[in-house]
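Below is one structure, written out as structure tokens; the observations come after it.
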Amino acid sequence: MTSDGYPTAAEVSRAAEFLASQHITTTGCRRCGTEISGVNGRYACGVCGWTNHWSEGHSDLPTAEDDDVDV
């Protein structure tokens, strides 16, 4: 972040790259049949609470090493 609270050009570029790799997907809930949408094949049903396992997504999840946030 810049001193005035805005993201730097590099941060904006990384965010845009990340968002470009995300895809909205839709399926039927395996528990109640409600049509639900998720990101990259990962779903959670707001009606019955069902979620699919994280490994069922269409892409690998980032690792802790991929997170470059300073703590």
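The distance from the CD1 atom of Ile36 to the OG1 atom of Thr26 is 9.0 Å, given to the nearest 0.5 Å. Note that CG of Asn52 and CZ of Arg31 are 12.0 Å apart. Values are rounded to the nearest 0.5 Å. Of the inter-residue distances, the one linking Cys32 atom SG with Trp50 atom CH2 reads 9.5 Å to the nearest 0.5 angstrom.
A donor-acceptor contact closer than 3.5 angstrom is absent between the side chains of Tyr43 and Ser37.
Not counting sequence neighbours, the partners of Arg30 by the salt bridge (Lys or Arg N to Asp or Glu O under 4.0 Å) test are Glu56.
Using a 4.5 Å heavy-atom threshold, the side chains of Asn40 and Thr25 count as separate.
Enclosure of atom CD in Gln22 by more than 12 non-hydrogen atoms of other residues, nucleotides or ligands within 6.0 angstrom is indicated.
Residue pairs meeting the salt bridge (Lys or Arg N to Asp or Glu O under 4.0 Å) criterion with at least one member in residues 43-53, sequence neighbours excluded, do not occur. Pairs passing the salt bridge (Lys or Arg N to Asp or Glu O under 4.0 Å) check and including a residue from residues 38-52, sequence neighbours excluded, do not occur.
Closest approach of His53 and Ser55 over heavy atoms only: ND1-OG, 2.7 Å.
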